[in-house]
Amino acid sequence: MAHRVGIIAGDGIGQEVVPEALKVVRAAGVDLDTIDYDLGGARYLRTGEVLPEAILDELRGLDAILLGAVGTPEVPPGVIERGLLLRLRFELDLYVNLRPMEGARIDCVVVRENTEGSYAGEGGALRKGTPHEVATQGSVNTRFGVERCLRFAFELAQSRPRRHLTLVHKTNVLTFAGDLWQRACDEVAAAYPDVATGYDHVDAACIHLVERPERYDVIVTDNLFGDILTDLGGAVAGGIGLAASANLNPAGTGPSLFEPVHGSAPDIAGTGRANPLAAIRSAAMMLEFLGEADAAARVTKAVAAAASLSGTTSELGDAVAERV
Ligand code: IPM
Ligand code: MN
């Protein structure tokens, strides 16, 4: 049976890279029943809607969602990011953001907690615009949320040859959240005696990722640190044009969402210069999660074979599709 996949191409280069990803999936012979959703900055500017309830309900019933990029300079920061992308992560309980980083010197997967931390939106503003303005921005860390993310990361580490897991945080400054993460990690680790564990402060992890990325196998970290580390790691692994991600509901009780790590890149949108490989690799992660392991492997291999080529967005998509 065809997999029912919601397509949110979104804004900017999202509109250009998603068709290439679908082209490659079709070339791999996978039967997708795609449903296009017009969501993102363009729809918001036209209708004022960010994520209508009826659409959210429809998305809940799908097998997966493939998203290009959302956000546009004409809309104030946060409206689309928070109202659409983060809302989907929260509402669909996509609690793991899985971000592999593979390159000549690096073979690491970041397991980014995806439903809590500073992304939960705790905080507020008072006396805005006055000299006495106050803004607070908290970080939510629940034992439940942290632990389920850690368990996923340990399972993943156990399945990889190196069986190594590094917790990344900032326990020396964020003592409340850091303490919860460290204790939860130590306790979960006890159930995985064959996984070796380490800990790095996030600032040190940035140096290591650049200078000795071979240090890392699985990294597990909170939402914001994971956001920042995976941009850095993506650059180290060969550029953000290659970096893929999966927002997972590991239990499979609803759709997971797959998207390139990069944004909508309004500066190059419409020029045909966007690299579609990150979106194609995200689609490969989707195939894997949909149980199409063989097609996923062929797409991944084809991307590797095409990675050194240059060309326009659609030329690169064609090159991968031919090699599938
Ligand atoms: C990412 C993006 C998002 C994030 C933005 C667009 C909200 O940067 O997926 O890494 O911060 O998580
Ligand atoms: Mn990011």
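Just so you know, ligand 1 is whichever comes first in the structure, and atom 1 is the first atom listed for that ligand.
Side-chain contact check for Thr221 versus Cys149: every heavy-atom pair is 4.5 Å or farther apart.
Applying the side-chain hydrogen bond (donor to acceptor under 3.5 Å, both in side chains) rule to Glu74 yields the partners Thr72; only residues at least two apart in sequence or on another chain are considered. For the ring pair (Phe, Tyr, Trp, His ring centres under 6.0 Å) test, residues two or more places apart in sequence or in another chain that qualify with His201 are Tyr199.
Using a 4.0 Å cut-off between a side-chain N of Lys or Arg and a carboxylate O of Asp or Glu, Asp217 and Arg163 do not qualify as a salt bridge. We find that Glu155 and Arg151 are not joined by a salt bridge, their nearest charged nitrogen and carboxylate oxygen being 4.0 Å or further apart.
In this structure, Arg82 does not count as a contact residue of ligand 1, since none of its heavy atoms falls inside 4.0 Å of the ligand.
Contacts of His262 with ligand 1, taken as heavy-atom pairs under 4.0 Å, are absent altogether.
For a threshold of 3.5 Å applied to N or O pairs, the pair formed by Arg89 and ligand 1 contains at least one separation below that value.
In this structure, Trp181 and His169 have tilted ring planes: the angle between them lies in the 30° to 60° band.
Nearest N/O/S atom of Asp227 with respect to the Mn ion (ligand 2) is recorded as OD1.
For atom 11 (O) of ligand 1, the closest heavy atom belonging to the protein is Tyr119 OH, 2.6 Å. Among protein heavy atoms, the minimum distance from atom 1 (C) of ligand 1 is reached at Arg99 NH2, 3.3 Å. Of the protein's non-hydrogen atoms, the one nearest atom 2 (C) of ligand 1 is Asp227 OD1, 4.1 Å. Atom 7 (C) of ligand 1 has as its closest protein heavy atom Glu81 CB, 3.7 Å.
Heavy-atom contacts of Arg112 reach the following atoms of ligand 1: 1 (C), 4 (C), 10 (O), 11 (O), 12 (O) (cutoff under 4.0 Å).
Checked against Arg89 for a side-chain hydrogen bond (donor to acceptor under 3.5 Å, both in side chains), the options Asn247, Asn249, Thr115 give a single hit: Asn247.
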